[in-house]
Amino acid sequence: MIKHKLETICLHYGEIDDLVYKGAISPLYMSTSYGFSGVEQKRYPRYSNNPNQEGLGKKIAALEGGEKGLIFGSGMAAISTCLFSHLNKGDHIVFYNDLYGGTRNLIKAEFDKYGISYSFSKSSKISDFKKCIKNNTKGIYIESPSNPLLKIVDMKAISDLAKSKKIWTMIDNTFASPINQNPILFGIDIVIHSATKYLGGHSDICAGAVVSSKKHMEKIYNLSKSLGGSLSDFSAWMLERSIKTLPIRVREQNKNAIKIAEFLKNHELVSNVYYPGLPTHEDYKIAKKQMNGFGGMLSFEIDSKLNPLIFFDNLKIIKPVMSLAGIESTVNYPKLTSHSSLTKDERKNQGISDQLIRFSSGIESFSDLKDDIENALKITKNES
Ligand SMILES: *Cc1c(COP(=O)(O)O)cnc(C)c1O
């Protein structure tokens with residue numbers, strides 16, 4: 001088959017031809033029951049092989065450059081299924097310390113009970129990962145860029161380390177999206193997305209996705225049928241539609257993010273900006289090596305005399321919300337949301353101060369976003 005370009009893959013891969021009416025887009029099949037005669041694999045929504053689910057899996061696999069893709073009802077359904085399909089009683093796994101809160105909760109709440117042990121690499125340095133590897137270590141799990149400080153892990157170095165130890169690697173690629181980063185090219189085995197974020201992109205779908213080789217996907221697929229975290233046909237159809245505009249959305253978000261990062265960096269009321277696209281970011285060189293774009297996420301600290309809550313209250317366009325990656329710009333306060341279960345000291349150890357604000361770039365005009373931030377900072381200064 002001809003290898004098409006990314007934009008074409010987003011539009012057309014995995015499309016279902018409407019053979020009856022010749023409609024321009026994939027028809028939506030909501031049936032939970034299909035005929036069984038002459039079909040090898042029986043179709044059933046929990047098996048994620050209904051027409052819309054199957055088509056979407058193919059699209060995402062092509063986007064990440066992997067052999068097979070599977071979609072899930074949430075990012076956490078994807079993450080938990082990947083982990084539990086690849087770990088047995090007595091196994092050990094190494095996690096990067098900067099993890100999505102839900103993933104950390106899963107590990108803390110469930111792993112002991114199944115006899116799975118784990119270590120957290122305290123930094124993104126390869127030597128720190130190496131120190132965590134034991135005789136019974138089966139894999140390494142990373143996030144890059146990470147939440148909320150946008151730290152970068154060197155994917156090639158991690159995959160080289162894992163290959164030398166004959167263990168597998170998984171990455172949560174949510175923050176980058178397949179437009180900005182394709183980990184399989186760097187040797188990572190299993191790529192996971194919370195499709196609730198960039199793949200969906202309009203803050204109206206909860207979904208997850210995994211892409212890997214046939215060998216790994218077989219284990220993941222088999223467990224997915226038992227755990228049952230499949231995506232509804234309707235959401236699959238919505239997500240197919242969303243992905244058609246993924247490249248143009250994400251590139252606009254990248255562009256806004258770098259401009260916002262530069263604007264904030266030069267602002268007298270902002271003390272720190274964390275964006276992997278700024279040459280001053282500690283991991284800029286690695287980011288440049290492995291990313292096609294630096295992403296739409298950044299975070300920053302406002303002056304210690306300013307009250308972040310007043311800042312949120314005075315934004316007119318940018319919405320303070322929990323989630324991220326929609327086409328609308330949003331802000332989030334890690335202290336009260338993603339990292340609220342940690343003590344102040346624990347947060348401090350992870351570099352998350354009470355002044356830290358996470359920003360998710362949308363596709364609004366940059367000058368309107370800039371004015372909104374400028375205005376809210378000014379009011380915050382006067383009222384703090
Ligand atoms: C949101 C998120 C998840 C979890 O995805 P859900 O779709 O909410 O289950 C996992 N990892 C990262 C980095 C996320 O941002």
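Counting convention: from 1, in listed order, for ligands and their atoms alike.
- Side-chain atoms of Ser271 and Gln355 include no donor-acceptor pair closer than 3.5 Å.
- Proximity of Gln290 to Ile152: side-chain heavy atoms (C-beta onward) are separated by under 4.5 Å at one or more points.
- In the model, Thr174 has a side-chain atom that pairs as donor or acceptor with a side-chain atom of Asp172 under 3.5 Å.
- Legend: ring-ring contact (aromatic ring centres under 6.0 Å, His included) pairs involving residues 272-323, not counting sequence neighbours, sorted by first then second residue: Tyr284-Phe294, Phe312-Tyr333.
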Under 3.5 Å, N/O to N/O: give me all the pairs between ligand 1 and the protein, one per line with atom names and distance.
from	atom 1	to	atom 2	distance (Å)
ligand 1	5 (O)	Ser194	OG	2.9
ligand 1	7 (O)	Gly75	N	2.8
ligand 1	7 (O)	Ser194	OG	2.9
ligand 1	7 (O)	Thr196	OG1	2.6
ligand 1	9 (O)	Gly75	N	3.0
ligand 1	9 (O)	Met76	N	2.8
ligand 1	11 (N)	Asp172	OD2	2.6
ligand 1	15 (O)	Lys197	NZ	2.7

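- For Phe366, there are no ring pair (Phe, Tyr, Trp, His ring centres under 6.0 Å) partners at least two apart in sequence or on another chain.
- Within the structure, every pair that satisfies the side-chain hydrogen bond (donor to acceptor under 3.5 Å, both in side chains) test and touches residues 62-76, not counting sequence neighbours, is listed here: Glu64-Asn173, Glu64-Asn182, Glu64-His193.
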